[in-house]
Amino acid sequence: MSADSIKKALSGDISIGSIVKIQGWVRTRRDSKAGFSFVSVHDGSCFDPIQVVAPSDLANYSEEIQKLTSGCAVICTGELVESQGRGQKFEIQASAVKVTGWIDDPDTYPIQPKRHSFEFLRDVAHLRPRTNTFGAITRVRHVAAQAIHRYFHENGFFWINTPIITASDAEGAGDMFRVSTLNMTNLPHNEDGEIDYEQDFFGRETFLTVSGQLNVEGYCQALSKVYTFGPTFRAENSNTTRHLAEFWMIEPEIAFADLDDLADLAEDFLKYVFQAVLDECPDDMAFFAQRIEPKAVERLETLIGAPFVRVDYADAIDILRNSGQKFEFKPEWGLDLQTEHERFLTEKHFDAPVVVKNYPVEIKAFYMRLNDDGKTVAAMDVLAPGIGEIIGGAQREERLDTLQQRMAEQGMDAETYSWYVDLRRYGTVPHAGFGLGFERLITYITGMSNIRDVIPYPRVPGRADF
RNA sequence: UCCCCGGUAGCUCAGUUGGUUAGAGCGGGUGACUGUUAAUCACUAGGUCGUUGGUUCGAGUCCAUCCCGGGGAGCCA
């Protein structure tokens with residue numbers, strides 16, 4: 001017979017008395033001398049494990065079932081019955097329990113039915129998905145990803161698979177990972193004594209992408225509403241709870257749109273994703289609220305129900321300066337907001353996500369649209385309590401001469417970006433887009449405090465295990 | 001990269017002003033008991049105290065070094 005997921009077995013959709021087969025991994029085993037053992041089995045399909053009641057008259061009872069420990073893989077067949085005990089509605093009265101995989105040395109099996117530190121679990125990243133917390137994170141991550149695609153699809157956006165290997169540095173800042181097939185122990189050199197990248201695979205220097213934005217702009221100015229959702233790489237030596245060297249980024253780009261349109265999109269989009277997770281992962285979210293972040297559910301509900309706070313950069317600076325709060329770095333027009341400033345705005349002053357708009361031109365990237373005041377650009381950041389910047393975006397500079405002037409000011413290579421400038425030469429339109437760090441979003445939703453714990457196998461400076 | 005904190009049993013931790021044989025809970029094993037719920041009770045096994053060097057009669061404890069981890073900052077998503 002075919003197997004059912006534990007989710008289905010617990011759903012109430014299977015009639016009592018049916019014979020079911022479930023397959024999964026043992027979480028705990030409790031023996032009763034009354035003649036049976038309780039085996040708690042999970043398969044990842046839902047938060048709850050199912051309780052399998054294995055009677056002592058099973059052929060392999062004393063030889064196998066009584067020797068089950070956490071982590072053993074089992075296939076259980078039996079009657080789905082209403083539970084006689086408290087704590088679960090249904091359970092399986094087993095007629096057969098087949099053990100497909102034992103634990104080599106139960107004494108040293110890392111995943112025990114107890115609380116582990118997240119630091120320890122990072123060292124066993126291949127086994128941590130078996131825990132409650134990482135099972136829940138994985139399901140939430142999946143549901144959020146699906147909701148993101150669904151939101152865009154339903155709103156007429158096209159998913160654009162921008163290249164992962166690139167020759168251009170999309171933001172003019174930040175170290176990139178080099179992509180090369182040259183023999184590193186015997187590098188070819190040109191006449192000037194420099195490394196001869198003409199002999200490399202692509203005939204030039206190439207890197208892993210730090211953003212799909214520049215590429216997606218081309219598709220935006222043809223298909224109007226587009227987005228990217230893919231892996232992104234930053235070789236910065238950042239050692240924080242909110243940075244990864246490899247992460248997933250979502251970058252919508254909309255044509256015939258200005259900064260306010262973009263802020264509207266960011267707000268509508270985030271609310272949709274939050275609602276989807278609340279709707280589709282109630283058990284997992286309840287777990288986060290119970291064990292990880294007490295306000296995990298409440299704050300999402302609050303956020304969905306109220307408009308986002310929007311504030312101009314200049315006004316944010318005034319709020320900070322008049323706050324009476326002592327800051328290590330004094331807030332000043334022209335300087336970027338420090339983490340302490342963002343925290344004050346999101347956690348104390350507004351106690352909500354905040355959209356900060358119109359930053360000084362000096363502190364923002366070349367492609368952001370210059371405002372009429374000549375001092376600011378149409379950029380926006382969405383700041384979330386506890387996380388900081390979750391979204392960074394801007395209306396793009398669509399005017400050819402202004403863009404060229406800004407590129408020249410920053411000493412950028414016109415040749416490398418000629419194709420990007422072309423987009424302003426041929427049917428240019430006002431357009432805007434933002435970048436959302438997927439893992440930062442998951443961090444915010446779940447209340448997990450370290451971004452390394454919301455991606456399956458984190459890559460950070462000095463570590464690429466697994 | 002900078003600042004601070006940490007590294008003791010499979011895991012989570014305690015370990016006094018430096019002093020005999022380094023402890024607990026959970027997990028593992030054995031037994032008892034029970035429709036159990038991270039079950040309970042008893043017994044039991046399990047440690048190169050991160051590395052290297054130094055101070056000392058004596059170092060888990062003090063100093064230096066390196067390695068690793070965590071938190072904060074910068075940069076950003």
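Just so it is clear, the model here is predicted, and its values are computed rather than measured. In what follows, every chain begins at residue 1, and chains take the letters A, B, ... in the order their sequences are listed.
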Counting only side-chain N and O atoms of A:Ser37, is one of them less than 4.0 Å from OP1 or OP2 of B:U36?
no
Searching all strands shown, indicate the nucleotide that pairs with B:C62 (Watson-Crick or G-U wobble; both distances under 3.5 Å).
B:G54
What's A:Glu340 touching, base or sugar-phosphate or nothing? Going by heavy atoms closer than 4.0 Å.
nothing
Do A:Arg141 and A:Glu439 sit within salt-bridge range, that is, some charged N less than 4.0 Å from a carboxylate O?
yes
With a non-hydrogen cut-off below 4.0 angstrom, is A:Ser70 in contact with a base, only sugar-phosphate, or nothing?
nothing
Return the value, rounded to whole Å, for the distance between atom CZ of A:Arg452 and atom P of B:C68.
13 Å
Compare side-chain N and O positions of A:Gln338 against OP1 and OP2 of B:G74 and report whether any pair is under 4.0 Å apart.
yes
Nucleotide nearest A:Arg30 when distance is taken to its side chain, options B:G35, B:A39, B:G27
B:A39
Measuring to OP1 and OP2 of B:G35, would you say a side-chain N or O of A:Ser83 lies under 4.0 angstrom away?
no
Which nucleotide wins on minimum distance to the side chain of A:Arg234, given the candidates B:A77, B:C11, B:C33?
B:A77
Is the NZ or CZ atom of A:Arg150 positioned over A:Tyr272's six-membered ring, under 6.0 angstrom from the centre and within 45° of the axis?
no
When both distances are under 3.5 Å in a Watson-Crick or G-U wobble arrangement, the nucleotide paired with B:U1 is B:A73
Between B:G74 and A:Asn239, is there an OP1 or OP2 to side-chain N/O distance shorter than 4.0 Å?
no
For atom P, what is the distance between B:U52 and B:C67, given to the nearest Å?
15 Å
A:Arg463 side chain: which of B:C75, B:G69, B:U34 is closest?
B:G69
Taking only side-chain nitrogens and oxygens of A:Ser117, does any of them come within less than 4.0 Å of OP1 or OP2 of B:U12?
yes
Just compare B:U12, B:C76, B:U37 and give me whichever is closest to any side-chain atom of A:Lys114.
B:U12
Between B:G27 and A:Thr108, is there an OP1 or OP2 to side-chain N/O distance shorter than 4.0 Å?
no
Please classify the nucleic acid contact of A:Ile390 as base, sugar-phosphate, or nothing, using heavy-atom distances under 4.0 Å.
sugar-phosphate
Among B:C76, B:G69, B:A32, which is the nearest nucleotide to the side chain of A:Arg242?
B:C76
Using the P atom in both, what is the distance from B:G53 to B:C43, to the nearest Å?
42 Å
Could you check whether A:Glu246 gets within reach of a base, just the sugar-phosphate, or nothing at all, counting any heavy atom under 4.0 Å?
nothing
Would you call the rings of A:Trp333 and A:Tyr313 parallel, tilted or perpendicular, where under 30° means parallel and over 60° means perpendicular?
perpendicular
A:Gln93 side-chain proximity, nearest of B:G35, B:A77, B:G74:
B:G35
Checking base pairs now: Watson-Crick or wobble, both atom distances under 3.5 Å. What partners B:A9?
none
According to the interplanar angle, ranging from 0 to 90°, do the rings of A:Trp248 and A:Phe229 count as parallel (below 30°), tilted (30 to 60°) or perpendicular (above 60°)?
perpendicular
Separation of the C1' atoms in B:G50 and B:G69, to the nearest angstrom:
10 Å
Between B:A32, B:G70, B:G35, which nucleotide has the shortest distance from any of its atoms to the side chain of A:Phe38?
B:G35
Have a look at A:Ser40 and say if it touches a base, only the backbone sugar-phosphate, or nothing, with a 4.0 Å heavy-atom cut-off.
nothing
A:Gln112 near the nucleic acid: base, sugar-phosphate alone, or nothing, with a heavy-atom cut-off under 4.0 Å?
base
Please check the phosphate of B:C76 (OP1 and OP2 only) for any side-chain N or O of A:Arg440 closer than 4.0 Å.
no
Would you indicate what A:Ile250 reaches in the nucleic acid, counting non-hydrogen atoms under 4.0 angstrom: base, sugar-phosphate, or nothing?
nothing
Does the pair A:Arg29/A:Asp31 count as a salt bridge with the N-to-O cut at 4.0 Å?
yes
Proximal nucleotide (of B:A77, B:G74, B:U36) relative to the A:Thr339 side chain:
B:G74
When the P atoms of B:U56 and B:C41 are compared, how many Å lie between them, rounded to an integer?
50 Å
Cationic N near anionic O, under 4.0 Å, A:Arg299 to A:Asp351
no
Using the C1' atom in both, what is the distance from B:C62 to B:U30, to the nearest Å?
44 Å
Of the listed B:U34, B:U37, B:C76, the closest approach to the A:Asp31 side chain comes from B:U34
Do A:Asp260 and A:Lys357 sit within salt-bridge range, that is, some charged N less than 4.0 Å from a carboxylate O?
yes
Can you tell me which nucleotide in B:A77, B:U37, B:C11 comes closest to the side chain of A:Glu389?
B:A77
Nearest-Å distance once atom P is located in both B:A39 and B:C26
11 Å
A:Asp465 bridged to A:Arg122 by N-O distance under 4.0 Å:
no
NA contact type, A:Phe438, heavy-atom cut-off 4.0 Å: base, sugar-phosphate, or nothing?
nothing
Would you measure the distance from the C1' atom in B:U51 across to the matching atom in B:A77 and give it in whole Å?
37 Å
Pairwise P distance, B:A73 and B:C63 [rounded to whole Å]
28 Å
